[in-house]
Amino acid sequence: MTAREGQEELEAQFEQWRRYVLRRRELQPSDVDELEDHLRGSVDELIAAGLSPDEAFLVAVKRMGSLDELSREFAREHSERLWKQLVLTGDPDSPAADTRSRRDMWAMVLCGAGAAVSIKVPELFGLRLADDGAFYARNFTLFALPWLAVFLAWRRQARRPLIGTLVALFGLGAVAANAYPLAEESKSLVLTSIHLPIALWLVVGLAYVADDWRSSRRRMDFIRFTGEWFIYFILIALGGGVLSLFLFHTFNAIGIIPQEFISQWLLPCGAVAGAVVAGWLVEAKQSVVENIAPVLTRLFTPLFTAALLAFLVAVVWTSHGINVEREALILFDLLLVVVLGLLLYSISARDPLAPTGLFDKLQLALVVSALAIDVLVLLAITGRITDEYGTTPNRAAALGENVILLANLAYSAWLLLRFIRRRTPFAALERWQTAYLPVYAVWAWIVVLLFPPLFSYV
């Protein structure tokens, strides 16, 4: 790298740091100018001492003193491996970090309480969880995800236009879930219950990335957040199940049966509040789960690869077609989503500087196997639609989802192959996956908003 290129890259780092600091409302532009002057002076001294511009900048950020917590946040959101090594080693028990941690905890408590209260509000209008399953099935995520988005937007100090967008999208979801007269046995009710959480989760993603939605790195951070949030939520759910069993049997032993309290209060309120708590845990304990991600991907990638290959061998050996009834379609789509989730999670956990190896080839085999299964499912669906069975909401939704998955899996396989052959950088695969995320949200909104009237509320 020439001296001029090094100086240009250093100026780009200064600009990135300045934009990040300006997001803090407590700092005025004049304050940022003063801090930048201090940072530039430190960088010049370190370069004069013999460090490279990159190293000097990172060390100077580390030495910001009273801005230590700000520097840690900046490194967490914009770093690769070297940034984490040089910047994220500060004292987590500093007063600034402790104050921020307490504020986050109280924000989580308020948002979790809001979610727990909101799921009981419909009872004021005569709707009960035990008697109105159709209402709660399509609205359940509307009681949890808006509060998670509130917590993330507060933590990111989101601006008013973004807040307005979040409110509008959650409002649109509420209208879509309740405007159509869907009966409990309606197929569109099932589709709404499945696709609305997907649509709303991408709205949560807007709150997570805040003003950096154009950044592929921030979108990949949201993918990592999704996987880690799921892990924490499952752990919370398991703990809640143990607590429920403990309460039931201990109170039952003294003649009190707390079944109604557990089913009507503890479980529903705990579930929606747990969504917020899981988000807070991911934000507060990122380093813990970052160590889990590589383990999970390396454990389950070969297992799922073997399972999918065994399935393909069985299909060829038996010549049996794939059942495309609703339960089977959901199962196969869930399988393909899990495969895609493993791919995304492994991408988010992979060291971009690590060389290619056996695990990358296993990933390619996994994606190719999933691609072959997706083709078989699509052939079965189109065969049923073009035969005497015709189009149903389930088959139409599954057709669109499998076409979307087919496009992603096919191009992902191509990028993985080129990466293994060292013809494409790893970042290309990351950029493709993050750029493709909105496609899933768009299809989910189409199913929720347009399928009920298209199929006459079937």
Measure the spacing between CG of Leu371 and CG of Leu364 and express it to the nearest 0.5 Å. 10.5 Å
Pairs satisfying salt bridge (charged side-chain N to carboxylate O under 4.0 Å, His left out), at least one member in residues 335-348, at least two apart: none
Give a yes or no on this: more than 12 heavy atoms of other residues, nucleotides or ligands lie within 6.0 Å of atom CH2 of Trp443. yes
For the residue pair Ile223 and Leu437, establish whether any side-chain heavy-atom pair is separated by less than 4.5 Å. yes
Could you state the interatomic distance from CG (Leu343) to CZ (Phe304), rounded to the nearest 0.5 Å? 13.5 Å
side-chain hydrogen bond (donor to acceptor under 3.5 Å, both in side chains) against Trp445, all qualifying residues, sequence neighbours excluded: none
For atom CZ of Phe135, decide whether the heavy atoms of other residues, nucleotides or ligands shown that lie under 6.0 angstrom number more than 12. yes
Which residues pass the salt bridge (charged side-chain N to carboxylate O under 4.0 Å, His left out) test with Lys120, sequence neighbours left out? Glu123
Kindly state each residue pair satisfying salt bridge (charged side-chain N to carboxylate O under 4.0 Å, His left out) with at least one member in residues 249-267, sequence neighbours excluded. Arg128-Glu260
Is there side-chain contact between Val150 and Leu110, with heavy atoms separated by less than 4.5 Å? no
Got a second to check how far Trp154's CH2 is from Met108's CE, nearest 0.5 Å? 11.0 Å
All ring pair (Phe, Tyr, Trp, His ring centres under 6.0 Å) counterparts of Tyr436, not counting sequence neighbours: Trp432, Tyr440
Considering only heavy atoms from C-beta outward, does the side chain of Phe248 approach that of Leu243 to under 4.5 Å? no
Atom pair CG (Leu200) and CG (Leu196), whose distance is rounded to the nearest 0.5 Å: 4.0 Å
So CD1 of Ile373 and CG of Leu405: to nearest 0.5 Å the spacing works out to 12.0 Å
To the nearest 0.5 Å, how far apart are CG in Leu336 and CG in Asp374? 5.0 Å
What residue pairs, at least two apart or across chains, pass salt bridge (charged side-chain N to carboxylate O under 4.0 Å, His left out) with a residue in residues 246-255? none
Pair Gln433-Asn408, side-chain donor/acceptor within less than 3.5 Å: yes
For Tyr208, which of Trp201, Trp229, Phe225 qualifies under ring pair (Phe, Tyr, Trp, His ring centres under 6.0 Å)? Phe225
